[in-house]
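Heads up, the thing below is written out as C-alpha coordinates.
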Amino acid sequence: MSATLQKSDHRATLGGPAPTAPRRRPTSQQWAAWAFLTPVTLYLVLFYAYPLYRNLDLSLRNYTVRSFVQGDAPFTGLANYRTVLDDPTFAPALLHTVVFTAVCLVFQYALGLALAVFFNQHFRLSATLRALFLVPWLLPLIVSASTWSWMLNSESGVVNALLSAVGVDPVNWLTSPDWSLTSVIIANIWIGVPFNLVVLYSGLQSIPTSLHEAAALDGANAWQRFWRITFPLLRPVSAITLLLGLVYTLKVFDIIWIMTKGGPADSSTTFATWSYQLGFGNLVPAFGPGAAVGNLLVVAALVFGLIYVRVQRKQALS
(Lines give C-alpha, C1' and ligand atoms only; values in the text may rest on other atoms or scores of the structure.)
Protein backbone atom coordinates (compact mmCIF):
# COMPACT_ATOMS: atom_id res chain seq x y z
CA MET A 1 0.00 0.00 0.00
CA SER A 2 2.78 2.44 0.99
CA ALA A 3 4.78 1.46 -2.10
CA THR A 4 1.82 2.34 -4.35
CA LEU A 5 1.47 5.75 -2.69
CA GLN A 6 5.20 6.38 -3.08
CA LYS A 7 4.99 5.56 -6.80
CA SER A 8 2.09 7.95 -7.33
CA ASP A 9 3.89 10.71 -5.42
CA HIS A 10 7.04 10.05 -7.46
CA ARG A 11 5.00 10.42 -10.72
CA ALA A 12 3.50 13.68 -9.53
CA THR A 13 6.95 14.97 -8.62
CA LEU A 14 8.35 14.10 -12.04
CA GLY A 15 5.39 15.85 -13.79
CA GLY A 16 3.81 12.66 -15.01
CA PRO A 17 0.06 12.34 -15.68
CA ALA A 18 -1.98 12.49 -12.54
CA PRO A 19 -4.58 9.80 -12.08
CA THR A 20 -7.98 10.98 -13.38
CA ALA A 21 -11.31 10.32 -11.75
CA PRO A 22 -13.61 8.02 -13.72
CA ARG A 23 -16.25 9.82 -15.80
CA ARG A 24 -19.74 9.69 -14.46
CA ARG A 25 -22.32 8.25 -16.76
CA PRO A 26 -25.54 10.22 -17.20
CA THR A 27 -28.13 9.22 -14.66
CA SER A 28 -31.68 8.26 -15.49
CA GLN A 29 -32.87 11.68 -14.31
CA GLN A 30 -30.47 13.43 -16.72
CA TRP A 31 -31.63 11.25 -19.61
CA ALA A 32 -35.23 12.06 -18.69
CA ALA A 33 -34.42 15.80 -18.64
CA TRP A 34 -32.87 15.59 -22.12
CA ALA A 35 -35.87 13.60 -23.34
CA PHE A 36 -38.23 16.37 -22.18
CA LEU A 37 -36.02 19.13 -23.62
CA THR A 38 -35.64 17.54 -27.06
CA PRO A 39 -39.23 18.17 -28.33
CA VAL A 40 -39.15 21.78 -27.10
CA THR A 41 -35.76 22.37 -28.70
CA LEU A 42 -36.89 20.89 -32.02
CA TYR A 43 -40.06 22.99 -31.91
CA LEU A 44 -38.12 26.21 -31.27
CA VAL A 45 -35.61 25.43 -34.02
CA LEU A 46 -38.20 24.42 -36.63
CA PHE A 47 -40.86 27.04 -35.97
CA TYR A 48 -38.85 30.00 -34.62
CA ALA A 49 -35.14 29.87 -35.38
CA TYR A 50 -35.41 28.56 -38.96
CA PRO A 51 -38.22 30.95 -40.05
CA LEU A 52 -36.27 33.89 -38.59
CA TYR A 53 -33.16 32.76 -40.46
CA ARG A 54 -35.12 32.39 -43.72
CA ASN A 55 -36.72 35.81 -43.28
CA LEU A 56 -33.29 37.36 -42.68
CA ASP A 57 -31.95 35.59 -45.75
CA LEU A 58 -34.89 36.86 -47.82
CA SER A 59 -34.20 40.43 -46.76
CA LEU A 60 -30.53 40.21 -47.77
CA ARG A 61 -31.05 38.79 -51.28
CA ASN A 62 -32.83 39.79 -54.48
CA TYR A 63 -35.47 37.08 -54.65
CA THR A 64 -37.80 36.66 -57.59
CA VAL A 65 -40.39 33.94 -58.13
CA ARG A 66 -37.87 31.89 -60.12
CA SER A 67 -34.99 32.37 -57.69
CA PHE A 68 -37.32 31.73 -54.77
CA VAL A 69 -38.02 28.26 -56.19
CA GLN A 70 -34.51 27.50 -57.40
CA GLY A 71 -32.69 29.14 -54.48
CA ASP A 72 -30.09 31.05 -56.54
CA ALA A 73 -30.97 34.62 -55.52
CA PRO A 74 -27.98 37.01 -55.59
CA PHE A 75 -26.80 38.55 -52.32
CA THR A 76 -27.61 42.28 -52.14
CA GLY A 77 -26.76 43.16 -48.55
CA LEU A 78 -28.84 46.00 -47.13
CA ALA A 79 -30.26 47.08 -50.49
CA ASN A 80 -33.76 45.87 -49.59
CA TYR A 81 -33.70 47.88 -46.37
CA ARG A 82 -32.65 51.02 -48.30
CA THR A 83 -35.50 50.37 -50.73
CA VAL A 84 -37.96 50.17 -47.84
CA LEU A 85 -36.64 53.33 -46.15
CA ASP A 86 -36.79 55.29 -49.43
CA ASP A 87 -40.32 54.10 -50.23
CA PRO A 88 -42.95 56.87 -49.80
CA THR A 89 -45.15 54.37 -47.94
CA PHE A 90 -42.58 53.97 -45.15
CA ALA A 91 -43.35 57.16 -43.20
CA PRO A 92 -47.18 56.78 -43.22
CA ALA A 93 -46.90 53.07 -42.37
CA LEU A 94 -44.56 53.84 -39.48
CA LEU A 95 -46.89 56.55 -38.16
CA HIS A 96 -49.93 54.28 -38.47
CA THR A 97 -48.10 51.44 -36.72
CA VAL A 98 -47.10 53.69 -33.81
CA VAL A 99 -50.56 55.24 -33.46
CA PHE A 100 -52.35 51.92 -33.82
CA THR A 101 -50.11 50.22 -31.24
CA ALA A 102 -50.05 53.06 -28.71
CA VAL A 103 -53.79 53.82 -28.74
CA CYS A 104 -54.74 50.13 -28.59
CA LEU A 105 -52.36 49.47 -25.69
CA VAL A 106 -53.60 52.43 -23.65
CA PHE A 107 -57.30 51.70 -24.06
CA GLN A 108 -56.98 47.93 -23.76
CA TYR A 109 -55.03 48.25 -20.53
CA ALA A 110 -57.22 51.00 -19.06
CA LEU A 111 -60.50 49.23 -19.85
CA GLY A 112 -59.11 45.85 -18.80
CA LEU A 113 -57.90 47.26 -15.48
CA ALA A 114 -61.21 49.01 -14.82
CA LEU A 115 -63.15 45.81 -15.52
CA ALA A 116 -60.74 43.74 -13.41
CA VAL A 117 -61.23 46.07 -10.42
CA PHE A 118 -64.99 46.01 -11.01
CA PHE A 119 -65.21 42.21 -11.09
CA ASN A 120 -62.88 41.92 -8.11
CA GLN A 121 -65.81 43.08 -5.93
CA HIS A 122 -67.27 39.53 -6.18
CA PHE A 123 -70.91 40.56 -6.56
CA ARG A 124 -73.73 38.32 -7.76
CA LEU A 125 -73.37 37.22 -11.40
CA SER A 126 -69.74 38.40 -11.36
CA ALA A 127 -68.45 35.10 -12.74
CA THR A 128 -71.15 34.97 -15.45
CA LEU A 129 -70.49 38.51 -16.68
CA ARG A 130 -66.74 37.92 -16.59
CA ALA A 131 -67.18 34.85 -18.77
CA LEU A 132 -69.27 36.86 -21.26
CA PHE A 133 -66.50 39.43 -21.55
CA LEU A 134 -64.19 36.66 -22.75
CA VAL A 135 -66.27 36.05 -25.88
CA PRO A 136 -64.36 38.57 -28.08
CA TRP A 137 -61.09 36.89 -27.12
CA LEU A 138 -62.41 33.39 -27.90
CA LEU A 139 -63.87 34.19 -31.31
CA PRO A 140 -61.69 33.61 -34.40
CA LEU A 141 -60.24 36.86 -35.68
CA ILE A 142 -61.86 36.44 -39.07
CA VAL A 143 -65.28 36.28 -37.37
CA SER A 144 -64.60 39.34 -35.21
CA ALA A 145 -63.23 41.39 -38.12
CA SER A 146 -66.13 40.40 -40.38
CA THR A 147 -68.62 41.34 -37.68
CA TRP A 148 -67.06 44.77 -37.22
CA SER A 149 -67.00 45.25 -41.01
CA TRP A 150 -70.74 44.64 -41.08
CA MET A 151 -71.40 46.87 -38.06
CA LEU A 152 -69.36 49.75 -39.54
CA ASN A 153 -70.74 49.45 -43.05
CA SER A 154 -71.56 52.89 -44.42
CA GLU A 155 -74.98 51.96 -45.81
CA SER A 156 -76.32 49.04 -43.80
CA GLY A 157 -74.20 49.08 -40.65
CA VAL A 158 -75.81 49.08 -37.24
CA VAL A 159 -73.46 51.83 -35.98
CA ASN A 160 -74.62 54.33 -38.62
CA ALA A 161 -78.22 53.28 -37.97
CA LEU A 162 -77.80 54.23 -34.31
CA LEU A 163 -76.14 57.50 -35.26
CA SER A 164 -79.01 58.33 -37.62
CA ALA A 165 -81.48 57.58 -34.83
CA VAL A 166 -79.95 60.31 -32.67
CA GLY A 167 -79.64 62.79 -35.54
CA VAL A 168 -75.96 62.31 -36.43
CA ASP A 169 -74.94 62.04 -40.07
CA PRO A 170 -73.64 58.64 -41.21
CA VAL A 171 -69.88 58.13 -41.16
CA ASN A 172 -67.88 56.33 -43.84
CA TRP A 173 -65.98 54.25 -41.30
CA LEU A 174 -64.20 51.90 -43.67
CA THR A 175 -64.08 53.91 -46.90
CA SER A 176 -62.91 57.30 -45.62
CA PRO A 177 -59.18 57.99 -45.15
CA ASP A 178 -60.09 60.04 -42.07
CA TRP A 179 -61.88 57.17 -40.30
CA SER A 180 -60.36 53.90 -41.54
CA LEU A 181 -57.54 53.79 -38.97
CA THR A 182 -59.96 54.70 -36.18
CA SER A 183 -62.25 51.85 -37.25
CA VAL A 184 -59.58 49.15 -37.03
CA ILE A 185 -58.34 50.60 -33.71
CA ILE A 186 -61.85 50.31 -32.23
CA ALA A 187 -62.15 46.71 -33.40
CA ASN A 188 -58.74 45.74 -32.05
CA ILE A 189 -59.44 47.37 -28.67
CA TRP A 190 -62.64 45.36 -28.39
CA ILE A 191 -60.74 42.15 -29.13
CA GLY A 192 -57.83 42.86 -26.77
CA VAL A 193 -59.70 44.02 -23.65
CA PRO A 194 -60.58 40.47 -22.46
CA PHE A 195 -56.91 39.44 -22.40
CA ASN A 196 -56.03 42.41 -20.19
CA LEU A 197 -59.05 41.66 -18.02
CA VAL A 198 -58.01 38.05 -17.40
CA VAL A 199 -54.35 38.77 -16.62
CA LEU A 200 -55.00 41.83 -14.44
CA TYR A 201 -57.83 40.10 -12.60
CA SER A 202 -55.49 37.24 -11.72
CA GLY A 203 -53.00 39.81 -10.47
CA LEU A 204 -55.63 41.42 -8.25
CA GLN A 205 -56.39 38.04 -6.71
CA SER A 206 -52.81 37.79 -5.44
CA ILE A 207 -52.99 41.07 -3.48
CA PRO A 208 -53.78 40.39 0.21
CA THR A 209 -57.11 41.86 1.30
CA SER A 210 -55.59 42.65 4.68
CA LEU A 211 -53.68 45.56 3.09
CA HIS A 212 -56.90 47.18 1.90
CA GLU A 213 -58.58 46.56 5.23
CA ALA A 214 -55.70 48.17 7.12
CA ALA A 215 -55.72 51.17 4.76
CA ALA A 216 -59.48 51.53 5.19
CA LEU A 217 -59.07 51.56 8.96
CA ASP A 218 -56.50 54.33 8.56
CA GLY A 219 -59.08 56.42 6.71
CA ALA A 220 -57.99 55.86 3.08
CA ASN A 221 -60.81 56.11 0.56
CA ALA A 222 -61.30 53.76 -2.42
CA TRP A 223 -59.20 55.86 -4.82
CA GLN A 224 -56.34 56.19 -2.35
CA ARG A 225 -56.36 52.44 -1.70
CA PHE A 226 -56.22 51.77 -5.44
CA TRP A 227 -53.48 54.31 -6.20
CA ARG A 228 -51.31 53.62 -3.14
CA ILE A 229 -51.76 49.82 -2.80
CA THR A 230 -53.40 48.12 -5.78
CA PHE A 231 -51.66 49.85 -8.64
CA PRO A 232 -48.08 49.60 -7.25
CA LEU A 233 -48.51 45.91 -6.42
CA LEU A 234 -49.85 45.29 -9.94
CA ARG A 235 -46.74 46.69 -11.63
CA PRO A 236 -45.11 43.31 -12.41
CA VAL A 237 -48.36 41.97 -13.86
CA SER A 238 -48.99 45.23 -15.70
CA ALA A 239 -45.52 45.14 -17.22
CA ILE A 240 -45.91 41.65 -18.70
CA THR A 241 -49.46 42.50 -19.84
CA LEU A 242 -48.27 45.59 -21.71
CA LEU A 243 -45.30 43.74 -23.20
CA LEU A 244 -47.43 40.89 -24.53
CA GLY A 245 -50.02 43.38 -25.76
CA LEU A 246 -47.29 45.35 -27.53
CA VAL A 247 -45.89 42.29 -29.30
CA TYR A 248 -49.37 41.17 -30.34
CA THR A 249 -50.51 44.61 -31.51
CA LEU A 250 -47.37 45.21 -33.56
CA LYS A 251 -48.11 42.17 -35.69
CA VAL A 252 -51.88 42.60 -36.05
CA PHE A 253 -52.73 41.78 -39.65
CA ASP A 254 -56.03 39.89 -39.85
CA ILE A 255 -58.28 42.62 -38.50
CA ILE A 256 -56.84 45.40 -40.65
CA TRP A 257 -56.70 43.33 -43.81
CA ILE A 258 -60.25 42.01 -43.53
CA MET A 259 -61.76 45.38 -42.63
CA THR A 260 -59.86 47.85 -44.86
CA LYS A 261 -56.96 45.99 -46.59
CA GLY A 262 -54.78 48.88 -45.45
CA GLY A 263 -56.79 51.44 -47.38
CA PRO A 264 -58.25 53.55 -48.66
CA ALA A 265 -55.13 55.20 -50.08
CA ASP A 266 -52.92 53.47 -47.48
CA SER A 267 -54.70 55.38 -44.70
CA SER A 268 -54.70 52.31 -42.43
CA THR A 269 -51.54 50.61 -43.69
CA THR A 270 -49.21 49.36 -40.96
CA PHE A 271 -45.92 47.50 -41.20
CA ALA A 272 -47.74 44.17 -40.91
CA THR A 273 -50.10 44.83 -43.83
CA TRP A 274 -47.39 46.55 -45.86
CA SER A 275 -45.09 43.54 -45.50
CA TYR A 276 -47.87 41.30 -46.83
CA GLN A 277 -48.65 43.66 -49.70
CA LEU A 278 -45.00 43.73 -50.78
CA GLY A 279 -44.53 39.99 -50.60
CA PHE A 280 -47.88 38.64 -51.75
CA GLY A 281 -50.22 41.48 -52.71
CA ASN A 282 -48.73 42.34 -56.12
CA LEU A 283 -48.45 40.55 -59.44
CA VAL A 284 -44.68 40.95 -59.16
CA PRO A 285 -43.93 40.12 -55.53
CA ALA A 286 -41.07 41.91 -53.78
CA PHE A 287 -39.99 39.20 -51.36
CA GLY A 288 -36.86 41.00 -50.18
CA PRO A 289 -38.45 44.34 -49.19
CA GLY A 290 -41.41 42.50 -47.67
CA ALA A 291 -39.07 40.44 -45.49
CA ALA A 292 -37.16 43.62 -44.57
CA VAL A 293 -40.35 45.25 -43.27
CA GLY A 294 -41.12 42.11 -41.28
CA ASN A 295 -37.65 42.18 -39.75
CA LEU A 296 -38.20 45.77 -38.65
CA LEU A 297 -41.19 44.54 -36.64
CA VAL A 298 -39.09 41.74 -35.15
CA VAL A 299 -36.40 44.22 -34.12
CA ALA A 300 -38.98 46.55 -32.54
CA ALA A 301 -40.48 43.69 -30.51
CA LEU A 302 -36.99 42.54 -29.49
CA VAL A 303 -36.00 46.03 -28.33
CA PHE A 304 -39.06 46.38 -26.13
CA GLY A 305 -38.50 42.87 -24.79
CA LEU A 306 -34.95 43.75 -23.78
CA ILE A 307 -36.17 46.95 -22.15
CA TYR A 308 -38.68 44.92 -20.15
CA VAL A 309 -35.98 42.46 -19.02
CA ARG A 310 -33.70 45.33 -17.98
CA VAL A 311 -36.46 47.06 -16.00
CA GLN A 312 -37.42 43.83 -14.28
CA ARG A 313 -33.79 43.16 -13.37
CA LYS A 314 -33.45 46.64 -11.84
CA GLN A 315 -36.63 46.17 -9.84
CA ALA A 316 -35.40 42.79 -8.57
CA LEU A 317 -32.07 44.28 -7.47
CA SER A 318 -33.71 47.20 -5.75
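Since this is a predicted model, take the numbers as computed values, not measurements.
Looking at N160, its side chain does come within 3.5 Å of a backbone N or O of S154 through a donor-acceptor pair. Distance alone, capped at 3.5 Å, places no donor-acceptor pair between the N172 side chain and the T175 backbone. At least one donor-acceptor pair closer than 3.5 Å links the side chain of T241 to the backbone N or O of V237. Between the side chain of S146 and the backbone N or O of V143, no donor-acceptor pair lies under 3.5 Å. Without hydrogens or angle criteria, S275 side chain to A272 main chain gives no donor-acceptor distance under 3.5 Å. Side-chain atoms of Q121 do not come within 3.5 Å of backbone N or O of F118 as any donor-acceptor pair.
Note that NZ of K251 and CG of L246 are 11.5 Å apart. Values are rounded to the nearest 0.5 Å. To the nearest 0.5 Å, atoms OG1 (T273) and CG (L278) are separated by 9.5 Å. If you take OG on S267 and CH2 on W179, they are separated by 13.0 Å, rounding to the nearest 0.5 Å. The CG atom of L105 sits 6.5 Å away from the CG atom of L242 when rounded to the nearest 0.5 Å. Taken from CG in L163 to CG in D169, the straight-line distance is 9.5 Å, to the nearest 0.5 Å. Here the CD1 atom belonging to I229 is positioned 12.0 Å from the CG atom belonging to L234, to the nearest 0.5 angstrom.
Residues T260 and S180 have side chains that never bring a donor and an acceptor to within less than 3.5 angstrom of each other. The closest side-chain donor-acceptor pair between S238 and Y109 falls under 3.5 angstrom.
Taking every heavy atom of both residues into account, K261 and Q277 meet most closely at O-NE2, 3.3 Å. Of all non-hydrogen atoms in V84 and A292, the two that sit nearest each other are CG2-CB, 4.0 Å. Of all heavy-atom pairs between S149 and L174, the closest is O-CD1, 3.7 Å. Taking all atoms of both residues into account, the shortest heavy-atom contact from T269 to G262 is OG1-O, 2.8 Å. Looking at every heavy atom in both residues, P92 comes nearest to T89 through CD-O, 3.3 Å.
With hydrophobic clusters built from ILVMFWY side chains whose heavy atoms lie under 4.5 angstrom apart, V158 shares a cluster with L152. The cluster map of Ile, Leu, Val, Met, Phe, Trp and Tyr, joined by side-chain heavy atoms under 4.5 Å apart, puts L139 and I256 in the same cluster. Using a 4.5 Å cut-off between side-chain heavy atoms of Ile, Leu, Val, Met, Phe, Trp and Tyr, with links allowed through other members, W173 and V168 fall into the same hydrophobic cluster. A single hydrophobic cluster is not seen to contain both L302 and Y248; linkage of ILVMFWY side chains at heavy-atom distances under 4.5 Å, directly or through other members, places them apart. Under the 4.5 Å side-chain heavy-atom criterion for ILVMFWY residues, a single connected hydrophobic cluster contains both L129 and V135.
Every residue two or more places apart in sequence or in another chain was checked for a salt bridge (charged side-chain N to carboxylate O under 4.0 Å, His left out) with D87, and none qualifies. For F36, there are no side chain to side chain contact (heavy atoms under 4.5 Å, CB included) partners, not counting sequence neighbours. Partners of Y48 under the ring-ring contact (aromatic ring centres under 6.0 Å, His included) rule, at least two apart in sequence or in another chain, are Y43. For F226, the ring-ring contact (aromatic ring centres under 6.0 Å, His included) partners two or more places apart in sequence, or in a different chain, are W223.
Within the structure, ring pair (Phe, Tyr, Trp, His ring centres under 6.0 Å) contacts touching residues 291-317 (residues at least two apart or in different chains) do not occur. Each ring pair (Phe, Tyr, Trp, His ring centres under 6.0 Å) pair with one or both residues in residues 254-301, not counting sequence neighbours, appears once here: F68-F287, F90-F271, F253-W257, F253-Y276, W257-Y276, Y276-F280. For the salt bridge (charged side-chain N to carboxylate O under 4.0 Å, His left out) condition, the pairs that include at least one residue of residues 36-62, sequence neighbours left out, are R54-D57, D57-R61. Sorted by first and then second residue, the side-chain hydrogen bond (donor to acceptor under 3.5 Å, both in side chains) pairs with a member in residues 91-107 form an empty list; sequence neighbours excluded. Residues in residues 223-238 take part in no salt bridge (charged side-chain N to carboxylate O under 4.0 Å, His left out) pair, two or more places apart or across chains.
Hydrophobic cluster of Y53: the remaining members, joined at side-chain heavy-atom separations below 4.5 Å, are Y50, listed by chain and number. Applying the 4.5 Å side-chain rule to ILVMFWY residues, one finds that L217 remains a lone member of its cluster.
Around atom CG of L95, more than 12 heavy atoms belonging to other residues, nucleotides or ligands sit under 6.0 Å away. By the neighbour-count criterion of 12 heavy atoms within 6.0 Å, atom CD of Q205 is densely surrounded, having more than that number from other residues, nucleotides or ligands.
Of the options L85, L78, N80, a side chain to side chain contact (heavy atoms under 4.5 Å, CB included) to R82 is made by L78 and by none of the others. Partner L141 forms a side chain to side chain contact (heavy atoms under 4.5 Å, CB included) with one of I255, N188, I258 and no other, that one being I255. For the ring pair (Phe, Tyr, Trp, His ring centres under 6.0 Å) with F195, the qualifying choice from W137, Y201, F133 is W137, the only one to do so.
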Distance-only donor-acceptor hits, side chain of residues 293-300, under 3.5 Å, sequence neighbours excluded:
unit_1 : atom_1 : unit_2 : atom_2 : d
N295   : OD1    : N55    : ND2    : 2.6
N295   : ND2    : S59    : OG     : 3.1
N295   : ND2    : Y81    : OH     : 2.9
N295   : ND2    : A291   : O      : 3.4

One pair to check against side-chain contact (heavy atoms from CB on, under 4.5 Å): L244 and V199. What are the steps and the verdict?
CA-CA 11 Å; L244 294 176; V199 179; over 6 Å; no

(request) Begin from the C-alpha positions of S176 and V171 and carry the test side-chain contact (heavy atoms from CB on, under 4.5 Å) through to its verdict. (result) CA-CA 8 Å; S176 170; V171 177; over 6 Å; no

Going through the distances and angles, do L233 and L211 end up as a side-chain contact (heavy atoms from CB on, under 4.5 Å)? CA-CA 11 Å; L233 293 178; L211 297 177; 3.7 Å; yes

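Within the 4.5 Å cutoff, side-chain heavy atoms of V117 are placed close to those of L204. The side-chain heavy atoms of I307 and R310, taken from C-beta on, include no pair separated by under 4.5 Å. Taking the side chain as every heavy atom from C-beta outward, P285 and V65 approach each other to under 4.5 Å. Considering only heavy atoms from C-beta on, V252 stays 4.5 Å or farther from T270 through its side chain.
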